[in-house]
Amino acid sequence: MHGDVNEAFEILLNELDAALKDVRERAAAASRQGDYERAQTELARAQQIEKFIADIHAKRQQWQALIGKPRRQREGRGKTKPLPRGQRTPEEAYRLPILRALVAMGGEGTVSAVLERVYQEMEPHLKPIDLKPLPSDAKTPRWRNTAQWARNSMVREGLLRNDSPRGVWAITERGRAYLRQHGQ
């Protein structure tokens, strides 16, 4: 039940992010066409959506408080020792599979779809510890968490877009060039 509610929040936030992007694009188009009144109207709508998104984030936090400690504050978090070097597949090993998955998907894809493709490619190379759940989240296998950290690093390096909607990963031209240079 709790997972369904959390998933519903995630779906709602993804849809709201897409709606916000659409409204911002309409505002930009109106501005380019010199229709500044329509651009202002769309910008005002975007601000309303941004406030609504903030409200949904607050409601999600209220929900987390209602069902128990938020994920970040669960018991045992921070008390586990890091794994010794070499026990898990390193973050860097996920770079090319993530880039290949995104290219195969036309340049972007949902987190779950991208990670499904990454898993298919990485499965023969994953270590037993990679398949075990995180101590802080019994539902998330370690490999999935590591792949998401790899994505964050790739965004910082400009290989993946930092402005894609919530829940969507997208490759950049720099990411395509990296893939061409380091092997398809």
Side-chain angles (χ1 to χ4, degrees), residues 1-67 70-72 91 94-121 137 139-140 144-180 184:
M1 174 184 110
H2 300 315
D4 292 342
V5 173
N6 288 326
E7 187 175 332
F9 273 118
E10 195 63 30
I11 291 167
L12 177 59
L13 288 167
N14 287 338
E15 292 299 320
L16 289 170
D17 283 340
L20 179 60
K21 181 180 178 185
D22 184 53
V23 170
R24 286 179 175 158
E25 287 172 0
R26 288 198 312 258
S31 181
R32 282 190 302 271
Q33 295 167 356
D35 189 348
Y36 301 113
E37 187 175 324
R38 193 174 97 224
Q40 286 296 335
T41 300
E42 295 295 345
L43 287 174
R45 183 173 289 132
Q47 288 177 332
Q48 291 172 334
I49 294 171
E50 287 170 348
K51 183 182 179 330
F52 191 77
I53 289 171
D55 292 344
I56 296 300
H57 279 289
K59 290 295 180 193
R60 181 152 102 182
Q61 287 178 338
Q62 288 176 342
W63 170 252
Q64 288 294 334
L66 183 66
I67 63 168
R71 224 166 116 178
R72 283 182 228 126
E91 189 178 304
Y94 294 87
R95 287 173 169 267
L96 292 176
I98 289 170
L99 293 173
R100 280 192 282 266
L102 288 168
V103 167
M105 297 172 74
E108 67 178 43
T110 63
V111 175
S112 59
V114 173
L115 289 179
E116 184 177 316
R117 284 177 178 260
V118 168
Y119 179 74
Q120 289 171 359
E121 181 175 338
D137 183 357
K139 294 180 182 177
T140 304
R144 190 176 178 99
N145 181 262
T146 307
Q148 290 173 322
W149 278 108
R151 183 258 180 195
N152 288 342
S153 297
M154 294 166 74
V155 166
R156 281 194 307 275
E157 294 170 31
L159 303 176
L160 300 181
R161 287 183 37 200
N162 67 354
D163 63 346
S164 59
R166 176 187 283 291
V168 174
W169 293 4
I171 193 169
T172 62
E173 282 308 313
R174 188 174 184 177
R176 290 178 189 277
Y178 182 93
L179 182 59
R180 283 190 300 270
Q184 298 241 19

For residues [X] and [Y], report the shortest heavy-atom separation together with the two atoms involved.
X      : Y      : answer
Arg151 : Ser164 : NH2-OG, 3.9 Å
Ala170 : Leu102 : C-CD1, 4.2 Å
Leu115 : Ala147 : CD2-CB, 3.6 Å

Report yes if the side chains of [X] and [Y] come closer than 4.5 Å at any heavy-atom pair, otherwise no.
X      : Y      : result
Trp169 : Val155 : no
Arg144 : Lys139 : no
Gln148 : Val111 : yes
Tyr178 : Glu157 : no
Tyr94  : Met154 : no
Val168 : Arg166 : no
Leu66  : Trp63  : yes
Ile171 : Arg176 : yes

Item checked: side-chain contact (heavy atoms from CB on, under 4.5 Å) assessment of Arg60 paired with Ile56 -> CA-CA 6 Å; Arg60 181 152 102 182; Ile56 296 300; 5.5 Å; no
Next item on the list: Determine whether more than 12 heavy atoms belonging to other residues, nucleotides or ligands lie under 6.0 Å from atom CD of Glu25.
Entry: yes
Next item on the list: State plainly whether the residues Asp55 and Lys59 are in salt-bridge range, i.e. N to O under 4.0 Å.
Entry: no
Next item on the list: For side-chain contact (heavy atoms from CB on, under 4.5 Å), just list the numbers for Thr110 and Val114, CA-CA rounded to whole Å, side-chain angles, deciding distance to a tenth of an Å, and then say yes or no.
Entry: CA-CA 6 Å; Thr110 63; Val114 173; over 6 Å; no
Next item on the list: Tell me, please, which residues at least two apart from Arg26 pass side chain to side chain contact (heavy atoms under 4.5 Å, CB included).
Entry: Asp22, Val23, Glu42, Arg45
Note to self: According to side chain to side chain contact (heavy atoms under 4.5 Å, CB included), who are the partners of Arg174, at least two apart in sequence or on a separate chain?
What the structure shows: Leu159, Thr172
Margin query: Checking Ile98 against Leu160 for the side-chain contact (heavy atoms from CB on, under 4.5 Å) test, could you report, in this order, the C-alpha distance in whole Å, the side-chain angles of both residues, the deciding distance, and whether it holds?
Written below: CA-CA 10 Å; Ile98 289 170; Leu160 300 181; 4.2 Å; yes
Notebook entry, point to check: Taking it one step at a time, do Arg24 and Glu50 satisfy salt bridge (Lys or Arg N to Asp or Glu O under 4.0 Å)?
Noted result: CA-CA 11 Å; Arg24 286 179 175 158; Glu50 287 170 348; 2.3 Å; yes
Checklist line | NE2-CZ distance between His57 and Phe52, expressed to the nearest 0.5 angstrom | finding: 11.5 Å
Check: Without hydrogens or angle criteria, can the side chains of Arg156 and Ser153 be said to hold a donor-acceptor pair below 3.5 Å?
Finding: yes
Checklist line | With sequence neighbours excluded, residues passing side-chain hydrogen bond (donor to acceptor under 3.5 Å, both in side chains) with Ser31 | finding: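 side-chain hydrogen bond (donor to acceptor under 3.5 Å, both in side chains) list for Ser31, sorted by chain: empty.
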